[in-house]
Amino acid sequence: LFSFLFLKALGYFDTIRFFPRKSDLFLVLLAIPLGGGLQHLLMSRLLGPDTCCSIESLIVWTPILTLVVFGAHYFISIFLLKTRRKRKIVLDLLPPERAMVIGDFASLGIDKHCEFLTRHDLKKHFLRAAEREIDLIVISRSAVNEFDADAMHLRAHLAGIPIVDHRAISTSLTARIRLIDTDLWTYVLAATPQTPVRRAFSFCKVIFEPVLAIILAILLSPLMLLAAAAIKLTSKGPIVYCQVRTGYLGKPFTLIKFRSMVTDSETDGPQWSAEGDSRITPVGRFLRRTRLDELPQLWNVVRGEMSFFGPRPERPEIYKKLEKDIPLFSLRTIVRPGITGWAQVCAGYAASVEESRTKLEYDLFYIQHMSPRLDLIILLKTLKVALVGSSDPHSKIRPTTTRATKNAQSVPKLLEATGS
């Protein structure tokens, strides 16, 4: 009970997603000992120390209870999703906005569990006193800008029906910020509140990250020595590669990484690395897939030029080009660049302006929702890549475009099926 209430207070039970995310498993892992510890404290004070389990037992049972709580919630949610009626979602949006939101639901494969309605359908539900059947209303400032005579949305609000902005639901479903529909008002209001706890976490990161980087460099020194030996024995040139990058608030700094390309790879000037790039050495390809080429950047963390988590720093020449071609691109420099980041684990490397635009959408999502929990998710995803390895560094970002194309093709059918 205590753990459940704690999860509710943290917003664990999302009203938009139909089942918990796998990353929520770590939130449960945090909640159970905290809730159990509070329960232990209260019961021992009120009923005596013999009426509840010991702290040692709680620690031993926490992993098991975590799997039980999360597994029960996950599988019950899946079962209800397949057996219950379709969720009725009113989309009071302009046609392009409606198509985009339906496409976002389709990208997660949950559109088949939804029945998308219109404002007229909402009115019909109120006329036959069936407003309780409505699960969610999605609106936009463009479509809902005046009070209507029937006050449908206010009545829905008073009836307890959740009403969300279409940009908020798109962000929640896709984990990125769409540049085509972004304004400062919405971005700031939808940002994760920077509470004193989160501010303290950000302050501690600046202090403790350099210390942690030194410790990690010592622990990982055998692995770095092996990587250095492999580079030296398989290709000519230096082991590490120093490159000027654009860092915090646009200030340049020298980034250090293991060399993964041949020494004369940029005789024609700075350029993006393409898929199947012949300039990448065999050892360099492995280092890139496992992200081991980034390990020397621990020195940049020690110097305070980088963080463990944040947007990847760009080269000044490419940064200037992208700053001209992509609106808001300079916003990614308001936080320190990271060895790994949300865009890195979700979209991989960028090899064009369009792919850089997609990565910026993920970077803006990270800045909007900076928190210990999001950093933990990035860490786990990065470790998965380091241990299992990824496919070609450029392959991750392309399926996003493919999914978007499939979504765009399926949207007309969905719109036709919902009678819009």
Side-chain angles (χ1 to χ4, degrees), residues 7 9-12 14 16-17 21-27 29-31 165 167-179 182-213 245-251 253 291 294 297 300-301 304-314 326-348 356-383 385:
L7 291 172
L10 289 179
Y12 171 68
D14 199 315
I16 296 176
R17 290 178 176 267
R21 294 166 291 189
K22 294 180 178 63
S23 60
D24 288 333
L25 178 63
F26 300 96
L27 184 59
L29 187 62
L30 172 67
D165 181 76
R167 283 169 287 200
I169 195 171
S170 290
T171 298
S172 178
L173 293 173
T174 63
R176 53 194 273 206
I177 306 295
R178 280 194 170 84
L179 294 180
T182 300
D183 61 74
L184 181 61
W185 182 84
T186 303
Y187 186 84
V188 173
L189 289 184
T192 298
Q194 292 302 304
T195 61
V197 174
R198 292 194 178 97
R199 291 297 304 140
F201 174 74
S202 299
F203 179 74
C204 290
K205 281 179 66 176
V206 177
I207 297 176
F208 291 111
E209 278 191 336
V211 178
L212 182 58
R245 296 287 180 102
T246 301
Y248 179 55
L249 298 179
K251 298 177 182 178
F253 73 98
R291 302 295 192 266
E294 315 287 1
Q297 289 162 43
N300 293 114
V301 177
E305 299 164 334
M306 294 182 68
S307 172
F308 283 109
F309 310 104
R312 287 294 297 164
E314 290 286 355
I326 304 176
L328 308 181
F329 190 78
S330 60
L331 287 182
R332 66 201 304 275
T333 64
I334 67 172
V335 297
R336 286 187 300 160
I339 295 179
T340 184
W342 187 240
Q344 198 75 354
V345 297
C346 291
S356 297
R357 182 179 286 108
T358 300
K359 288 194 66 174
L360 175 61
E361 294 178 339
Y362 286 106
D363 285 330
L364 292 180
F365 177 88
Y366 174 76
I367 295 172
Q368 187 184 46
H369 298 282
M370 286 178 63
S371 65
R373 180 188 178 195
L374 186 54
D375 283 352
L376 175 62
I377 295 172
I378 295 172
L379 173 62
L380 294 171
K381 286 180 175 288
T382 303
L383 290 176
V385 172

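We're numbering straight along the sequence, starting at 1. Side chains are part of it too, since the values below use all heavy atoms of this structure and drop only hydrogens, waters and symmetry mates.
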Which residues pass the side chain to side chain contact (heavy atoms under 4.5 Å, CB included) test with [X], not counting sequence neighbours?
X: Glu305; result: Phe253, Asn300, Arg303
X: Ile334; result: Ile367
X: Leu179; result: Ile326, Leu328, Arg357, Leu360, Glu361, Leu364

### Message
Restricting to salt bridge (Lys or Arg N to Asp or Glu O under 4.0 Å), what partner residues turn up for Arg167, sequence neighbours left out?
### Response
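Arg167: salt bridge (Lys or Arg N to Asp or Glu O under 4.0 Å) contacts with Asp165, Asp181, Asp183.
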### Residues which pass ring-ring contact (aromatic ring centres under 6.0 Å, His included) with Tyr248, listed by chain and number, not counting sequence neighbours
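If we apply the ring-ring contact (aromatic ring centres under 6.0 Å, His included) test to Tyr248, skipping adjacent residues, there are no hits.
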### Message
Phe329: which residues meet the ring-ring contact (aromatic ring centres under 6.0 Å, His included) condition with it, sequence neighbours left out?
### Response
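Listed in chain order: Tyr319.
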Side-chain ([X]) to main-chain ([Y]) donor-acceptor, under 3.5 angstrom:
X: Tyr362; Y: Gln344; value: no
X: Arg332; Y: Asp363; value: no
X: Trp342; Y: Ala175; value: yes
X: Arg312; Y: Gly338; value: yes
X: Arg176; Y: Thr171; value: no

For residues [X] and [Y], report the shortest heavy-atom separation together with the two atoms involved.
X: Met370; Y: Val335; value: SD-CG1, 3.7 Å
X: Gln194; Y: Ser202; value: OE1-OG, 4.5 Å
X: Ser170; Y: Arg178; value: CB-NH1, 3.4 Å

### Pairwise distance CG(Leu383) to CD1(Ile378) - rounded to 0.5 angstrom
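Between atom CG of Leu383 and atom CD1 of Ile378 there are 12.0 Å.
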### Query
To the nearest 0.5 Å, how far apart are CG in Leu379 and CG in Leu374?
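These two atoms lie 11.5 Å from each other.
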### Message
I want to check something: taking the side chain as every heavy atom from C-beta on, are Lys205 and Ser307 in contact at a cut-off of under 4.5 Å?
### Response
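Yes - at least one pair of side-chain heavy atoms lies under 4.5 Å apart.
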### Query
Does the side-chain contact (heavy atoms from CB on, under 4.5 Å) test come out yes or no for Tyr366 and Ile177, once each step is laid out?
CA-CA 9 Å; Tyr366 174 76; Ile177 306 295; over 6 Å; no
### Query
Does a donor on one side chain sit under 3.5 Å from an acceptor on the other, for Glu294 and Thr340?
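Absent: no donor and acceptor within the cut-off.
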### Message
One pair to check against salt bridge (Lys or Arg N to Asp or Glu O under 4.0 Å): Glu314 and Lys359. What are the steps and the verdict?
### Response
CA-CA 12 Å; Glu314 290 286 355; Lys359 288 194 66 174; 5.7 Å; no
### Task
Evaluate the side-chain contact (heavy atoms from CB on, under 4.5 Å) criterion for residues Val206 and Arg336: first the C-alpha distance (whole Å), next the side-chain angles of each, then the deciding distance (0.1 Å), finally the verdict.
CA-CA 10 Å; Val206 177; Arg336 286 187 300 160; 3.9 Å; yes
### Task
Could you go through the side-chain contact (heavy atoms from CB on, under 4.5 Å) check for Lys381 and Ile377 one step at a time?
CA-CA 6 Å; Lys381 286 180 175 288; Ile377 295 172; 3.9 Å; yes
